Amino acid sequence: MTATIDRGSATAPVLPPRSGGSQQKQNAGPARERRGFLGTSTGKKAVMAVTGAVMVLFLILHVVGNLKVFSGAESFNEYAHWLRHVGEPAVPGRTVLTLIEVVLLVSVVLHMWAAISLTRRARKARPVKYAARRKSQASGYATHTMRYGGVVIVLFLIWHLLDLTFATVNPAGAAGLPYDRMVQGFAPERWPVTLFYTLALVMVGLHLRHGLWSAFQTLGLASGKAYRPLKLAAAGLSAVLVLAFLSVPFAILIGVVK
Amino acid sequence: MNYTVGEPIRDTKAPDGPIEERWSKRRFAAKLVNPANKRKLHVIVVGTGLAGGSAAATLGELGYNVTSFCYQDSPRRAHSIAAQGGINAAKNYRGDGDSIYRLFYDTVKGGDFRARESNVYRLAEVSVNIIDQAVAQGVPFAREYGGLLDTRSFGGAQVSRTFYARGQTGQQLLLGAYQALERQVAAGTVKMHTRHEMLDLIVSDGRARGVVVRDLITGEIETHLADAVVLATGGYGNVFYLSTNAKGCNTTAIWRAHRRGAYFGNPCYTQIHPTCIPVSGDYQSKLTLMSESLRNDGRVWVPLRKGDDRAPGDIPEDERDYYLERIYPAFGNLVPRDIASRAAKNVCDEGRGVGPGGLGVYLDFADAITRLGRDAVEKKYGNLFEMYERITGENPYEVPMRIYPAVHYTMGGLWVDYDLQSTIPGLFVIGEANFSDHGANRLGASALMQGLADGYFVLPTTIGDYLAGGPFGEVDQDAVDEAVGQVRGKIDRLLSVNGDRTADSYHRELGRVMWDYCGMERTDESLRKALERISELRAEFWQNVKVPGDGEGLNQALERAGRIADFFDLAELMCIDALHRTESCGGHFRAESQDADGEALRDDENFAYVAAWEYRPEGGPVLHKEELKYEYVKMTQRSYK
Amino acid sequence: MSGMNLTLKVWRQKGPADEGRMVTYHVEDVSPDMSFLEMLDVLNERLILEGDDPVAFDHDCREGICGMCGMVINGVAHGEQRATTTCQLHMRHFKDGDTITIEPWRAAPFPVVKDLVVDRSAFDRIIQAGGFISVPAGSAPDAHTIPVKKADADAAFDAATCIGCGACVAACPNGSASLFTAAKITHLGLLPQGQPERDSRAKAMVEQMDAEGFGGCTNTGECTAVCPKGIPLETIARMNRDYLRAK
Ligand SMILES: Cc1cc2nc3c(=O)[nH]c(=O)nc-3n(C[C@H](O)[C@H](O)[C@H](O)COP(=O)(O)OP(=O)(O)OC[C@H]3O[C@@H](n4cnc5c(N)ncnc54)[C@H](O)[C@@H]3O)c2cc1C
Ligand code: HEM
Ligand code: HEM
Ligand code: SF4
Ligand code: F3S
Ligand code: FES
């Protein structure tokens, strides 16, 4: 075998990582820090898993509620009303709903905080990209959409709350009954809204397809033989959720629900 | 031949009395170090294999102030990691008649009566504790369904005394020692310097007091001083260039110590392993061992006819020569390593070898597959078959494997007494680096046992006795400067030749000379030829080698060149040793000394001694003989017919 | 023998503080029976004779057990061949005319020392934090005192086969050392001998892993896919479980 060199065919220089690590003397690495639970990556992941699970539970309840649209305006409005008055008079109005809202808000905030913190840690840990295009060796593109998928979901949530909760961007307005807000919100001429919802839901689906089994793994509940069924169940549940959610706007779009 | 005979070695410091009591006696007689003083006593341990890793961890645990070195980037990568088969211990968990005495007996006999009885007995005695220690550390040995440890019989032993962890026993034992070592690093008792290569020994006032090392990353030459130095730097099989050893295995540490006064014991004793994957081309950089267990079911053969280049499948049964079964009907394919190796060489020398260059014999599983079924064979040997296929691209289920012997282990090494102390006071040598307890031939699964026995149990006791005799005073600055000067001088010299051949190309050529003339079969003529070639090659090396770069920073070519320079000198001593020992014993086969059947013929009358060589810069080495006495095991001729 | 002609794009970097870049080399007549490292040996011999600096890369055993070797070949740690270390990779898996990109492990806690050599001492420090069972030499009870279920012993062994190569970190998009750390936690945590220190071990090792600057695990699974010893993802679940339990 012989070898020759193309001197001069070097590609553009890439700077070495800036972290001070390279100058370290061997053995004299960073000392272990006794951080609290929330300080470690594993702790943060557990927070994500728990808050994620809370949000998933909410989504399941949410979709069940949404499906009441198919039983007519009455039923749906009643459900919305019930949500706001459940537990009365033992507790003041909206107690339960507010509770849900607070839990959700805390969950979203913690979930996002952990996600951002872990993402920043990951960026710092991998400052230099490979020159060769990385081929994913593990199957599952869903995994690689978690971060921007999350961002899309946040944007969606903001719109969604403005649309259907505060109704500021909803044609039926804040005064409208929930059912009307819904039907008018997804009216055929507002198809871009429906499209946006669809896109967002696909992201939610992908997020959950990975997130659902990932949460089990993070909490240490997964093991050997459980992976296949877990992953299948995660994929199944996310698909069902997405389709169930989408059934409402599409039913309105094609006029099955008016 | 250029050597002189000096004073014999009369005292090995082994206590006398009944052999079973010698180690206890020695332990009791050993002076103890006051615990409060241990922290002030500084011990350097070079090497982090089974021997060095376990020694440093144990000395740290005892409270000594330890500094440890290895050339790899982590102590966990020492070559011990590659050991596959297992580790012997006289536990007699099977109740199959094993005992300390039997292990002792087998080892003395296996070593072809060239090992020291006292040492071997101690090794067998301590073997039991090693298994306890390893299990407590979490070494995941193979277990039976009842939850107890599994054992197997290995390397022709008639009892089942080999403990194993699949095919990765060395790895698991080393990780156990490594973890114990890292625990001490965390505790602050051991300072670990990875990617540091020892290049010289500092001897002050007649005692070993430190080492000169090169930081392989920065290129800095550092000196480290201590009250005692332990070398655990492994074997020197790489003098043959191609061997089953890791690429970095070298002789530098022990050779430098030898030059400073430590005697070198039995340098010519090399073990050649019969089942390795043959060489495929001249780019080949190392040889891979295939477990010996393959010979349990595989049948070894070559074509009957010279130069028969038909595919193995096209050679009919009656045109094949199952030569091991033919020559050794009693043991067949299971004859010991040295015998199987030599037989393979013989058939290849006759021109009946197979594969590239005719350097290979078939190891055929066709019969086993018909007899046991493919599944059963896969279950037993699946991993090995896969490894073979990965390297050769051939499927051993369909085509017979090709195997060839390769250098595997060096029984020789620095001479040590019963306390594992070399002839330089304060310099202790353990593991494969010493001339060891294996005599002229090592039994399978005994090297791991010896390394750990030395490191966990023997050295920590005997070094304490030495250290209790201190303090040894200030280290002479001139001795330090001189050693550093030597190291610098050698590096500068290597870098300044700037010739037109790479160091590796010399190494390859040296290896070839050693393999051809000082390998499986040695003759007076071949060894003289080797000596001639070595000195020519060495002279050329120093005039024509090209080492790129400078001494500052990581320079792997420079590291290699330095190691190769020492291999030349070692190779010369090996040949002198092989030449002077006109008998055949164990792994050392002198063609002139064989019986009517072509088997190794010992000459107990004249050679029942350890050859301990003293270095002399001029006039050749000096031979000191340590006579070997066999009070317990009767000397007999080995026979496997 | 007519061999293959290949183009190599190799990361060259003089020292830790220097800039690096990809440099292109051509190698001709490569035998398919060569190992990947032997191919680089031949290139290096050539570079030396031409007065160039040979490519620095780590290696020792060359049989897939010491964990010293490791490079990212065409974007994949240890190359695309599964369950294989770089030293076990053979050239027969490449075709004449191929271009092969060779890079060092990339992760901030693994700074480049030179060319393809990185500093993996962070792994040793993770072990120092708790990857052991404390047992002074000579103090161990007889090995048969505590029987171990075969299944546990086997599973512990599977985890214990990690060679500390660092491919998992190199492949992980988060630069996480979870698989390596989890392998040790699993090995020791499955054995009865490892129980007394099980909680403190998990906690300490996870904390050290973070302190070294490795990323967190998002269960991407790239690590197991490239791991030459096939350390399973399950070990990470176990690490998480032990860590949470330790709280
Ligand atoms: C493929 C193979 C399989 C084997 N299988 C078995 C088996 O099944 N059973 C058995 O009993 N034996 C087996 N052996 C033999 C056994 O593995 C070795 O003899 C034993 O592990 C040697 O251990 P050691 O501690 O003496 O040295 P090593 O493990 O070789 O350690 C040497 C240490 O010294 C360091 N070092 C070397 N030179 C220097 C220097 N100049 N400066 C600084 N540091 C240096 C290295 O970094 C390393 O840490 C096998 C050997 C091979 C090659
Ligand atoms: C608010 C915006 C969100 C962001 C930025 C976000 C981001 C992330 C990220 C980065 C992960 C880690 C991915 C991984 O494990 O690989 C994750 C996990 C997860 N997310 Fe989200 N997510 C968001 C919203 C949601 C929502 C609304 C839900 C539920 C409906 C959810 C459920 C989950 C679950 C169950 C996990 C798995 C946790 C784990 O792996 O342990 N996330 N999310
Ligand atoms: C097509 C799909 C969806 C429809 C039709 C829908 C419909 C609605 C409606 C009508 C409300 C108002 C309920 C009320 O105030 O009474 C609501 C609230 C809400 N929705 Fe959705 N939703 C959909 C998808 C989602 C998704 C995917 C998420 C989360 C990722 C989500 C999160 C929420 C939240 C957080 C609220 C506020 C709940 C509260 O105020 O307590 N929705 N949704
Ligand atoms: S887990 Fe696998 S990839 Fe990671 S260090 Fe261990 S062997 Fe290498
Ligand atoms: S690839 Fe990285 S994200 Fe986790 S599963 Fe492996 S450590
Ligand atoms: S060189 Fe040892 S694993 Fe590759």
Side-chain angles (χ1 to χ4, degrees), chain A residues 1-6 9-17 19 21-24 26-27 29-35 37 39-42 44-46 118 121-122 124-138 140 143-144 146 210 214 217-224 227, chain C residues 3 13 16-31 42-43 46 52 72 74-76 101 103 106-109 111-112 121-122 125 129 171 173-175 204 206-208 210-222 225-226 234 236-238 240-241 243-244 247:
Chain A
M1 189 184 115
T2 57
T4 53
I5 319 160
D6 266 358
S9 65
T11 54
V14 179
L15 285 167
S19 84
S22 54
Q23 302 292 9
Q24 275 160 21
Q26 297 193 347
N27 285 310
R32 182 181 139 207
E33 294 160 47
R34 272 159 239 273
R35 308 167 185 222
F37 180 73
T40 64
S41 55
T42 313
K44 284 178 189 155
K45 271 308 297 271
L118 283 170
R121 168 171 264 285
K124 259 191 19 217
R126 270 296 295 280
V128 183
K129 296 239 162 350
Y130 289 110
R133 214 188 71 232
R134 263 186 80 253
K135 287 182 214 118
S136 172
Q137 294 297 296
T143 317
H144 303 282
M146 291 307 275
H210 174 69
S214 173
Q217 168 83 356
T218 301
L219 296 175
L221 304 172
S223 71
Y227 285 111
Chain C
Q13 180 175 334
D18 294 296
E19 259 182 33
R21 55 193 192 140
M22 302 296 294
V23 178
T24 305
Y25 301 96
H26 296 288
V27 288
E28 280 121 49
D29 203 19
V30 175
S31 155
V42 177
L43 169 70
R46 184 71 187 217
D52 264 304
V72 174
N74 288 338
V76 182
T101 311
E103 299 167 84
R106 294 288 189 199
V112 173
S121 53
R125 291 187 294 269
N174 305 319
V206 166
E207 282 173 356
Q208 185 63 38
D210 279 358
E212 296 289 344
F214 291 104
C217 171
T218 56
N219 307 324
T220 316
E222 295 290 335
V226 302
E234 205 180 332
I236 299 185
R238 186 170 259 280
N240 294 336
R241 177 153 76 241
Y243 178 77
L244 296 177
K247 286 322 291 187

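Only heavy atoms go into these numbers, but all of them, side chains included; no hydrogens, no water, no symmetry mates. Within every chain, numbering begins at 1; the chains are lettered A, B, ... in the order of the sequence lines, protein sequences first and strands thereafter. Values in this document were obtained by computation on a predicted structure and should not be read as measured data.
Using a 4.5 Å cut-off between heavy atoms, C/Gln208 contacts chain A through both its backbone and its side chain. Using a 4.5 Å cut-off between heavy atoms, C/Tyr243 touches chain A through its side chain atoms alone.
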- Item | Step-by-step side chain to side chain donor-acceptor pair (under 3.5 Å) determination, C/Asp210 to A/Ser41 | CA-CA 7 Å; C/Asp210 279 358; A/Ser41 55; 2.8 Å; yes
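The shortest side-chain heavy-atom distance between A/Thr40 and A/Lys45 does not fall under the 4.5 Å cut-off. Looking only at side-chain heavy atoms (C-beta outward), C/Arg106 and A/Lys129 stay at 4.5 Å or farther from each other.
The distance from atom NE2 of C/His26 to atom CZ of C/Arg46, rounded to the nearest 0.5 Å, is 12.5 Å.
When each of A/Gly224, A/Ala122, A/Ala125 is scored by its heavy-atom pairs under 4.5 Å with chain C, the top score falls to A/Ala125.
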